[in-house]
Structures are given as structure tokens and as C-alpha cells.
Enquirer: 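There's a structure below that I have some questions on.
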Number of protein chains: 2
Amino acid sequence: MKMSNGVEWALHGCVTLSQSRDPVPAARLAELHGTPPAYLAKHLQALSRAGIVRSTAGQVGGYLLTRPAAAITVLEVVQAIDGTSPAYRCTEIRQQGPLAVPAERCDRPCAIARAMASAQEAWYGALADITIADLAAGIDADSEGTAMADVRRWLTSTA
Amino acid sequence: MKMSNGVEWALHGCVTLSQSRDPVPAARLAELHGTPPAYLAKHLQALSRAGIVRSTAGQVGGYLLTRPAAAITVLEVVQAIDGTSPAYRCTEIRQQGPLAVPAERCDRPCAIARAMASAQEAWYGALADITIADLAAGIDADSEGTAMADVRRWLTSTA
DNA sequence: TAGAACTCGGATAGTAAATATCCGAGATCA
DNA sequence: TGATCTCGGATATTTACTATCCGAGTTCTA
Ligand code: FES
Ligand code: FES
């Protein structure tokens, strides 16, 4: 029940990208976040495959969000990095052992799987209600409204 | 974001134990569920440490629930097997890089960690609303009210 | 009361996943 | 046309999970 560590880097990266109108290279993001550049690049590729960011090659290339930050939910980012398979997986052990249930009666998921799936639905629903824009606003509030401005300045300064 | 596979075995085991008034050895549970006996024993030890089951040694020993099934939540079982650490962990990367936030201002968790923690709270809350008795009732309903009776019969038959 | 058999408990190998890294393919600008 | 900078997938290393074994302790029997 441990989420991949790259999810945090992806979330921070999306928040940073939401403050830039020009493509940002992976190496620049890694420098800002203090993370291994190559590994961050691998996660950005996953975001690209999921359609959350768009990549541009060449000298002035980099990554850019495909949609406004308010239209990207945290759930999308989590699923892009960590996969879409549910956390709890029923291995159908009810069909094994002396009291095995015949396969013909197992057309529906078992009661335990249904309960776990409904609980996870609550989790995913909560994640879907949070957008990248919400996260940026929260970080801004914690820093008295200067954090995002500092990010924008830094992105253009060393360019 | 993948939950340990032993959680399923622990849940099935607790449901089975809720149908027995006498201690059930780990080997018997493994036979009923078609699982590796030694590995299931390891997970039962975790349940014992968490105070969910009580172990008895000796010839007629085995495992037994410490409380009524209606007083044991699924959340307790999940946390006993998979650990209590939250799925999302903030590594405080906001304190690294050129725009590092000074440590004196990091007394509270960051905005991203707060959002993720609140979402997980929804998940844990849903898991805490489900008890082992609920799971047993659901399995019984799926089998037209015969599953739990079959379990009780099997537990006493080969004893 | 002594013995034997059965139980749990933690310590010990094997395997899959996640972490971290590298170099080649492709595109942009000079 | 050439050089430089970018992404992309293929490649090692480490961690965590999976699976297993044998010893310590307890109960029943003779
Ligand atoms: S059979 Fe075990 S959770 Fe469905
Ligand atoms: S600093 Fe990254 S989630 Fe808190």
C-alpha cells in the first residue's frame, strides 16, 4: 500500500509547468526540485504517454501542459505514474480448497472485492476533486503569495 | 499503490475464524484457502501482534478472534498486514533546490501532502465502516445462505 | 510425573518491483 | 549543412515482497 515516490515529483513538476508558457526541459525541472535528472525524465515520459504533458524536441524544447491546470486532476497524475490497476486485487481464492465455489457462480466479483472496490472509489473520488490549480493555490497561500511568482521569475531568469 | 497480497488471505482468515468457537490451526486455514501454509502463518503472526487474533499453543492450539466479528473493522486488518504508514509520503523536496523554503517555515505539512492525506482519510474512513461481520454476511448472501454453514461444518468435521 | 506430539514464533533464502542510470534517435536553430 | 540540444526507450542496482525453514513453548497422554 505504498505509492511510488515519483508521484510527488510528477505533482511538483505539473505545478511548476502550470506557471510557464514556454517549454521547460526535464533537466531544468530536476535542478529546481533537487531530484535525479534521468529518473525524473522517465516519469515525465509516463505523463506524456497519458496525455497530460506535451513534449517538444530541439534546442528550445521541453515539456508543457496540454490543458489548463484547473482541468488536470490529481487522480490523472497518480494513475499515469502508478498505474490504473486497483490497489486491492481479488485472486479468487474462493474457487480453491475443499469448499471451492464453482466457477459458474463467480460471474460477479466476490463480496470482499466489492467492499474494497467501493472504499477505493471513495479515495479516487477525493483525488479527482483536486486539481493542479488547487495545489498551486495552496502552495501560494502557504508562502504568502510569493512562491509562484518566484517560480516564474526563476524559470525566465536562467533561460 | 499496490496492496500486499496477504491482506486478502488475512481477511478470508478472519471471516473463517468468526465462524469457529474453538482455536483453528494455521495449517487448517491454509488447507481451506489453498494458500502456502508457512506464508499464511507469517501474516497471522502480524494479526496477533496487532491484537486482532489470539494464539494458543499445544496440541489443541490455534488462532481465535479476540473480539466479536462486528467489532473488527477492515481497516484494522489492512493496517496490521500492510503497515500504518500513509500511502503518500512527502519527502520535503520544497526544502531543496534554488527556491528552497527555509526549514523554519516548514512546521506544517505542505499543501500537496495535506491534500493527499485528506484524500486517504476518505479511503480509511470507508474501510473503517466495514466490519468482518459485514463481509461474512455478504459472502453468505452471495451463496444463498449456505456458505457460512458449510464453513462451520467443515471446521468441525475433520477435527 | 515423564514423554511425545503438536502448536506458534522469529530468523532465513528466492523473486518481483521499484529506483536510478546510460546512450541512441530525432528535431531545432545557427 | 552541421552542430547542439531535446526526448525516448533499453539497461544495471537496490529495495520490498513472497515464500520457506527450523527452534522454543505448551498441551495432552501414558
Ligand atoms: S475471493 Fe478473496 S477477495 Fe474475492
Ligand atoms: S514537499 Fe513535495 S509533497 Fe510536500
Side-chain angles (χ1 to χ4, degrees), chain A residues 1-10 13 17 20 22-31 33-64 66 78 80-83 85 87-89 91 93 158-159, chain B residues 1-10 13 17 20 22-31 33-66 78 80-85 87-89 91 93 158-159:
Chain A
M1 200 172 51
K2 179 174 60 71
M3 189 177 294
S4 171
N5 196 0
V7 173
E8 181 182 0
W9 304 349
L17 287 178
S20 173
D22 299 319
V24 181
R28 184 66 47 86
L29 285 173
E31 181 190 358
H33 297 47
T35 58
Y39 195 23
L40 178 63
K42 180 173 169 54
H43 289 310
L44 287 172
Q45 290 170 26
L47 292 179
S48 177
R49 263 175 255 153
I52 297 174
V53 301
R54 202 66 182 173
S55 65
T56 313
Q59 277 181 322
V60 294
Y63 288 97
L64 208 59
T66 59
V78 169
I81 301 295
D82 217 71
S85 57
Y88 183 82
R89 55 186 159 175
T91 58
I93 71 177
T158 333
Chain B
M1 201 171 49
K2 179 174 60 73
M3 190 176 295
S4 171
N5 196 359
V7 172
E8 180 182 2
W9 304 349
L17 287 178
S20 173
D22 299 319
V24 182
R28 185 65 48 84
L29 286 173
E31 182 190 359
H33 296 48
T35 58
Y39 194 23
L40 178 62
K42 179 172 170 54
H43 289 309
L44 288 172
Q45 291 169 25
L47 292 179
S48 177
R49 264 175 253 152
I52 297 174
V53 301
R54 204 64 182 173
S55 64
T56 313
Q59 278 181 322
V60 295
Y63 288 96
L64 208 60
L65 295 181
T66 59
V78 169
I81 301 294
D82 217 73
T84 59
S85 57
Y88 183 82
R89 55 186 160 173
T91 57
I93 72 179
T158 333

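Residue numbers start from 1 in every chain, and the chains themselves are labelled A, B, ... in the order their sequence lines are given, proteins ahead of strands.
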Enquirer: Output the rounded distance in Å from CD1 (I81(A)) to P (dA20(C)).
Expert: 14 Å
Enquirer: Strictly below 4.0 Å, heavy-atom distances to any atom of DNA chain D: list the hits from residues 54-63 of chain B, or just say none.
Expert: A57(B), G58(B), Q59(B), V60(B)
Enquirer: Name all residues meeting the side-chain contact (heavy atoms from CB on, under 4.5 Å) criterion together with T66(A); count only those two or more places apart in sequence or in a different chain, and write none if there are none.
Expert: R54(A)
Enquirer: Of all heavy-atom pairs between A80(B) and A50(B), which one has the smallest distance, and what is that distance?
Expert: CB-CB, 3.6 Å
Enquirer: Going through the distances and angles, do E8(A) and M3(A) end up as a side chain to side chain contact (heavy atoms under 4.5 Å, CB included)?
Expert: CA-CA 9 Å; E8(A) 181 182 0; M3(A) 189 177 294; over 6 Å; no
Enquirer: With ring-ring contact (aromatic ring centres under 6.0 Å, His included) as the rule and sequence neighbours excluded, what pairs involving residues 41-65 of chain B come up?
Expert: Y39(B)-H43(B)
Enquirer: Counting only heavy atoms and a strict 4.0 angstrom limit, can you tell me which residues of residues 44-51 of chain A come near DNA chain D?
Expert: Q45(A), S48(A), R49(A)
Enquirer: To the nearest 0.5 Å, what is the distance between CG on L29(B) and CH2 on W9(B)?
Expert: 12.5 Å
Enquirer: Quick one: closest heavy-atom pair of G61(B) and P25(B), and the distance?
Expert: O-CG, 3.8 Å
Enquirer: Mind checking if A26(B) touches a base, just sugar-phosphate, or nothing, with heavy atoms under 4.0 Å?
Expert: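 Sugar-phosphate contact only.
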Enquirer: Looking only at heavy atoms, which two atoms of I81(A) and G6(A) are closest? And how far apart?
Expert: CG2-C, 4.1 Å
Enquirer: N/O contacts under 3.5 Å, protein versus nucleotides 13-19 of chain C?
Expert:
from    : atom 1 : to     : atom 2 : distance (Å)
dT19(C) : OP1    : N5(A)  : N      : 3.1
dT19(C) : OP2    : S4(A)  : OG     : 2.9
dT19(C) : OP2    : Y39(A) : OH     : 3.0
dT19(C) : O5'    : Y39(A) : OH     : 3.2

Enquirer: Could you state the interatomic distance from CD (Q45(A)) to OG (S55(A)), rounded to the nearest 0.5 Å?
Expert: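 Output value for this atom pair is 9.0 Å.
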Enquirer: Which heavy atom of S20(B) sits nearest to which heavy atom of D22(B), and what is that distance?
Expert: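 Scanning both residues, the minimum pair turns out to be OG-O, 2.7 Å.
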Enquirer: Using 0.5 Å steps for rounding, measure from the NZ atom of K2(B) to the NZ atom of K2(A).
Expert: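 Separation between the atoms: 9.0 Å.
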Enquirer: Taking atom CG of L47(A) and atom CD1 of I52(A), what is their separation to the nearest 0.5 Å?
Expert: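 Reported value, rounded in 0.5 Å steps: 5.0 Å.
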Enquirer: Quick one: CG on N5(A) to CG on D82(A), what's the gap to the nearest 0.5 Å?
Expert: 10.5 Å
Enquirer: Does anyone know the first and last nucleotide of DNA chain D in reach of chain B, 5' to 3', at under 4.0 angstrom to a heavy atom?
Expert: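 Going 5' to 3' along DNA chain D, contacts run dT18(D) to dC28(D).
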Enquirer: Can you confirm whether T56(B) sits close enough to L64(B) that some side-chain heavy atom of one is under 4.5 Å from a side-chain heavy atom of the other?
Expert: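 No, too far: nothing below the 4.5 Å cut-off.
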